[in-house]
Amino acid sequence: MDEPQDPELMKKAQRAQWILYGVMLLFLIIPFVLLWLIRRGTFE
């Protein structure tokens, strides 16, 4: 892992990683939001 890498590639990889983390967080939060909305009776 100590071979020199393209800085542009590194930037892209980092961005992809942050996007992945964001999506994972979204999927963790969505069920709680849905539960909260259902309990409030939004879908009635």
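Note that this is a predicted model, so its numbers are computed, not measured.
Rounding to the nearest 0.5 Å gives a distance of 10.0 Å between CG of Leu20 and CG of Leu25.
Note on Leu35 and Ile30: separate hydrophobic clusters, where clusters join Ile, Leu, Val, Met, Phe, Trp and Tyr whose side-chain heavy atoms are under 4.5 Å apart, directly or indirectly.
Residues passing the side chain to side chain contact (heavy atoms under 4.5 Å, CB included) test with Trp18 are Gln14, Tyr21, sequence neighbours excluded.
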